[in-house]
Amino acid sequence: MSDFLNNYSMHTHTCGQLTAADAGASVVLTGWVNHRRDHGGLIFIDLRDRDGFTQIVFDPDDTGEHFLLGETVRPEWVIQIEGIVRLRPADTANRNLPTGEIEVIVKKAAVLNSSKTPPFLIEDGIETDELTRLKWRYLDIRRPEVLAALRLRATVTRALRDALDERGFIEIETPILGKSTPEGARDFIVPSRLNAGKFYALPQSPQLLKQLLMIGGVERYYQVARCFRDEDLRADRQPEFTQIDVEMSFVTEDDVMTMMEDVIAHVFGKVEVDHSFPLQRMQYAEAMERFGCDRPDTRFGMELHDLSNIVRDSGFKVFAGAIEAGGVVKAINCKGAGDWSRGEIDKLGVIAADNGAKGMAWIAFTSSGEEKSPIIKFFSDEAYAVLKEEMQAEPGDLVLFAADKPAVANAVLSAVRLHMAEALDIPREGHRLLWIVNFPLFKYDEKEERYAAEHHPFTRVRDEDLDRIEDEPLSCGSYSYDLVMDGFEIGGGTIRIHTPELQERVLRRIGHSDEEIKEQFGFLVQALGFGAPPHGGIALGLDRLIMLLGGYDSIRDVIAFPKTSSGSDPMSEAPAPVSSRQLKEANIRLA
RNA sequence: GGGGUGUUAGCUCAGCUGGUUAGAGCGCCGGCCUGUCACGCCGGAGGUCACGGGUUCAAGUCCCGCACAUCCCGCCA
């Protein structure tokens with residue numbers, strides 16, 4: 001049958017193309033048999049390709065000897081048909097289908113390939129377990145909604161490239177085989193056959209290399225960079241993921257944020273998402289105070305209130321004790337939960353426990369005007385009145401308290417806030433982006449009993465805090481900015497250190513000896529000494545961005561071949577053992 | 001590393017306080033059907049109840065372990 005086809009395509013049209021205007025045309029279509037409706041004397045098939053569906057009709061009067069093929073084919077068989085486009089009879093048009101006004105009456109048909117019965121239906125809206133879908137991912141991808149996710153990804157990536165190209169950025173590839181560094185996440189390592197006992201590391205990000213590109217005078221760089229981190233997985237974390245990695249020279253943090261907003265605006269235009277620019281910029285400290293986390297979902301309120309001063313002198317020992325120990329008492333007002341049962345409220349304690357707290361106090365203001373709580377009795381009338389005023393509590397509200405170290409209280413209420421927004425079905429339509437700026441430069445790692453970089457150790461300290469690096473590290477701010485969208489961190493960046501002296505000071509402050517600095521970061525420190533320009537940049541988490549734009553629950557939905565939570569691929573069964581010969585060549589002996 | 005939830009037919013699930021031959025819908029196979037589009041009607045096949053132990057006269061059901069999946073904490077500069 002292929003004899004009537006040209007060299008470039010086995011069809012004249014796609015399955016999403018034909019309209020009433022094509023009526024009467026002779027066409028050739030290829031695709032997969034989607035649904036087949038056999039009426040005995042008349043067979044309808046929805047033919048599917050990447051572009052859509054077209055109904056083709058096998059009619060013994062018109063189709064002749066090829067009618068037999070219509071009876072033979074089954075779902076997912078690959079066929080090619082030649083036929084005539086015609087308007088469907090009156091009242092049989094399918095308005096749910098772009099091609100629903102027409103059908104193709106089959107004149108000739110050929111089977112290009114048969115198919116086994118697929119393990120799940122190839123159609124949108126299935127509820128098949130993800131493991132099964134991943135095991136047969138190539139069948140899953142045939143489903144229009146899965147392909148649509150990959151298409152969205154391509155559109156967004158294209159738009160990002162276009163926007164950055166237009167602004168003079170140069171796309172440069174950096175190596176996948178690199179050097180392991182002591183800071184940050186666990187590295188994936190690759191043995192070097194040519195260098196027995198030595199290992200490459202896969203990049204967690206091209207951080208140092210893009211800084212070296214700035215020192216190399218590139219000034220504006222970007223890369224669609226695959227990054228690797230050997231850490232435990234989450235719905236929004238995969239062992240390999242993609243960042244839009246950007247770096248610029250001769251810029252302030254304001255320059256980077258403004259440039260990035262232009263780029264994002266361009267992307268949103270391409271995917272028809274509304275958002276106002278410029279974006280809100282919120283201090284890190286304010287985000288922690290009001291939302292308890294550094295990536296707040298600002299599409300709804302339910303903000304945290306610090307009640308420490310109000311409840312400090314109450315008779316409630318849990319509150320007073322927490323404050324005495326240097327902690328805080330904070331609360332959120334969950335409007336609409338005031339009539340929750342005690343059992344329902346108690347279940348929220350699990351969230352508190354998950355985040356390191358011992359429990360969660362509450363006051364329920366029922367819609368009938370009652371005020372139920374195990375703790376009201378501890379407050380003076382005056383303090384209680386002030387508390388109600390601060391929380392603006394009214395009938396129908398549920399006020400939840402966390403009394404603990406600031407970090408724990410924030411973590412608990414931040415998690416509860418998101419949980420309650422979900423449970424109370426609080427509207428969170430659309431998208432909301434904002435910058436969180438001025439992160440602390442350092443944090444204290446209690447487990448390792450040392451200071452560590454909050455962002456990464458190449459972040460520049462704010463000029464006004466330069467003198468406090470050694471003595472008061474926790475009070476040092478940084479030139480840093482995270483891009484937050486709907487409660488997810490979709491990007492983060494900093495202005496970098498561009499002098500060797502400051503870089504050494506910071507590395508020493510987080511506990512590296514001069515020897516380690518020379519060994520691990522020597523090439524960077526040396527390079528900074530050769531006229532490194534002031535520079536900074538940002539990395540966008542492409543997977544998360546697309547997940548949010550497409551409304552998906554997991555980045556697995558926007559990755560063609562994702563890994564399961566144990567880091568394995570159910571289809572190829574990677575990772576897998578290798579032969580003893582491969583091990584020997586790589587100079588690896590298993591324990 | 002820790003916690004929650006789940007695992008029964010190809011898929012999605014039901015299966016009660018343990019009790020005869022483990023069910024349903026969809027899919028699949030066969031038959032009928034000339035205007036369907038989740039076509040319809042009739043019939044049929046299809047099960048190591050994830051896996052390994054234990055309790056019991058008797059285990060899909062109870063207990064212990066384990067594997068896998070998923071969500072969360074830790075971790076992820």
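Each chain gets a letter, A, B and so on, in the order the sequences are listed, and its residues count up from 1.
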(message) From C-beta outward on A/Glu103, which listed nucleotide comes closest to its side chain: B/U36, B/C76, B/A69?
(response) B/U36
(request) Using a heavy-atom cut-off of under 4.0 Å over every strand shown, decide if A/Pro119 touches base, sugar-phosphate, or nothing. (result) sugar-phosphate
(message) B/C37, OP1 or OP2 - any side-chain N/O from A/Arg48 closer than 4.0 Å?
(response) no
(request) In whole angstrom, give the distance that lies between atom CD of A/Glu123 and atom P of B/G10. (result) 19 Å
(message) For the P atoms, the ones on B/A45 and on B/G1, what distance do you get once it is rounded to whole angstrom?
(response) 48 Å
(request) In whole angstrom, give the distance that lies between atom CD1 of A/Ile555 and atom P of B/U70. (result) 12 Å
(request) Rounded off to whole Å, could you give me the NE2-to-P distance for the A/His419 and B/G4 pair? (result) 17 Å
(request) Residues of residues 30-45 of chain A with any non-hydrogen atom less than 4.0 angstrom from an atom of RNA chain B: list those, numerically ordered, please. (result) A/His35, A/Arg37, A/Asp38, A/His39, A/Gly40, A/Gly41, A/Leu42, A/Phe44
(request) Would you classify A/Arg186 as touching base, sugar-phosphate or nothing, given that sugar-phosphate means primed atoms plus P, OP1 and OP2, and contacts are heavy atoms under 4.0 Å? (result) nothing
(message) For a quick check of understanding: with a heavy-atom distance under 4.0 Å over all strands, which category does A/Ser566 fall into, base, sugar-phosphate or nothing?
(response) sugar-phosphate
(request) Take atom P in B/C72 and the same atom in B/G25, then report the distance between them in whole Å. (result) 36 Å
(message) How many whole angstroms separate atom CG of A/Asp354 from atom C1' of B/U5?
(response) 13 Å
(request) Assign the ring pair A/Phe439 / A/Tyr284 to parallel, tilted or perpendicular, where the plane angle (0 to 90°) is split at 30° and 60°. (result) tilted
(message) Does A/Ser565 reach a base, just sugar-phosphate, or nothing at all? Heavy atoms under 4.0 Å.
(response) base
(request) For A/Pro118 and for A/Leu121, locate the closest nucleotide of RNA chain B by heavy-atom distance; then report the residue assigned to the nucleotide nearer the 5' terminus. (result) A/Pro118
(request) With the side chain of A/Thr132 defined as its heavy atoms from C-beta on, choose the nearest nucleotide among B/G35, B/U70, B/C11. (result) B/C11
(request) Report which part of the nucleic acid A/Asp230 touches: base, sugar-phosphate, or nothing (heavy-atom distance under 4.0 Å, all strands). (result) nothing
(message) Return the pairing partner of B/C68 with a 3.5 Å limit on both distances, Watson-Crick or G-U wobble; otherwise return none.
(response) B/G6
(request) Consider the side chain of A/Thr92, meaning its heavy atoms from C-beta on, and name the nucleotide among B/C28, B/U36, B/A69 that approaches it most closely. (result) B/U36
(request) Evaluate the criterion side chain to side chain donor-acceptor pair (under 3.5 Å) for residue pair A/Gln211 and A/His535; output intermediate values, then yes/no. (result) CA-CA 8 Å; A/Gln211 289 190 241; A/His535 63 284; 3.2 Å; yes
(request) Hunt down the Watson-Crick or G-U wobble partner of B/U20, both distances under 3.5 Å, from any strand shown, or write none. (result) none
(request) Determine the contact category for A/Arg556: base if any of its heavy atoms lies under 4.0 Å from a base atom, sugar-phosphate if only primed atoms, P, OP1 or OP2 are that close, otherwise nothing. (result) sugar-phosphate
(message) Can you tell me which nucleotide in B/C75, B/U36, B/A69 comes closest to the side chain of A/Glu231?
(response) B/C75
(request) Tell me which nucleotide among B/C71, B/U12, B/C28 gets nearest to the side chain of A/Pro75. (result) B/C28
(message) Distance check needed: B/G10 C1' versus A/Leu131 CG, whole Å only.
(response) 14 Å
(request) Report the relative orientation of the aromatic rings in A/Tyr138 and A/Trp136; use parallel for angles under 30°, tilted for 30 to 60°, perpendicular for over 60°. (result) perpendicular
(message) Give me the distance, rounded to whole Å, that separates B/G2 from B/A9 when you measure between the C1' atoms they each carry.
(response) 36 Å
(message) Taking the minimum atom-to-atom distance to the side chain of A/Thr117, which one of B/C71, B/U70, B/G27 wins?
(response) B/G27
(request) Report yes if a side-chain nitrogen or oxygen of A/Arg133 is closer than 4.0 Å to either non-bridging phosphate oxygen (OP1 or OP2) of B/C11; otherwise report no. (result) no
(request) Calculate the interatomic distance between A/Leu233 atom CG and B/C75 atom P; express it in whole Å. (result) 17 Å
(request) Take A/Asp553 and A/Pro89, find for each the nucleotide of RNA chain B with the closest heavy atom, and name the residue whose nucleotide sits nearer the 5' end. (result) A/Pro89
(message) Over all strands shown, is A/Arg450 touching base, sugar-phosphate only, or nothing at heavy-atom distances under 4.0 angstrom?
(response) nothing
(request) Verify, without hydrogens or angle tests, whether A/Asp124 (side chain) and A/Glu145 (backbone) share a donor-acceptor contact under 3.5 angstrom. (result) yes
(message) Please report the distance, rounded to the nearest Å, between CG in A/Asn355 and P in B/C75.
(response) 12 Å
(request) Please report, rounded to the nearest Å, how far the P atom of B/U12 is from the CG atom of A/Asp124. (result) 17 Å
(request) Give the nucleotide from the list B/C75, B/U34, B/A69 with an atom nearest to the side chain of A/Pro60. (result) B/U34
(request) Compute the ring centroids of A/His35 and A/Phe44, then answer whether they are less than 6.0 Å apart. (result) no
(request) Compare the minimum distances between each of B/C73, B/C37, B/U12 and the side chain of A/Asp46, then state the nucleotide with the smallest one. (result) B/C37
(message) Has A/Thr63 got a side-chain atom pairing as donor or acceptor with A/His66's backbone, closer than 3.5 angstrom?
(response) no
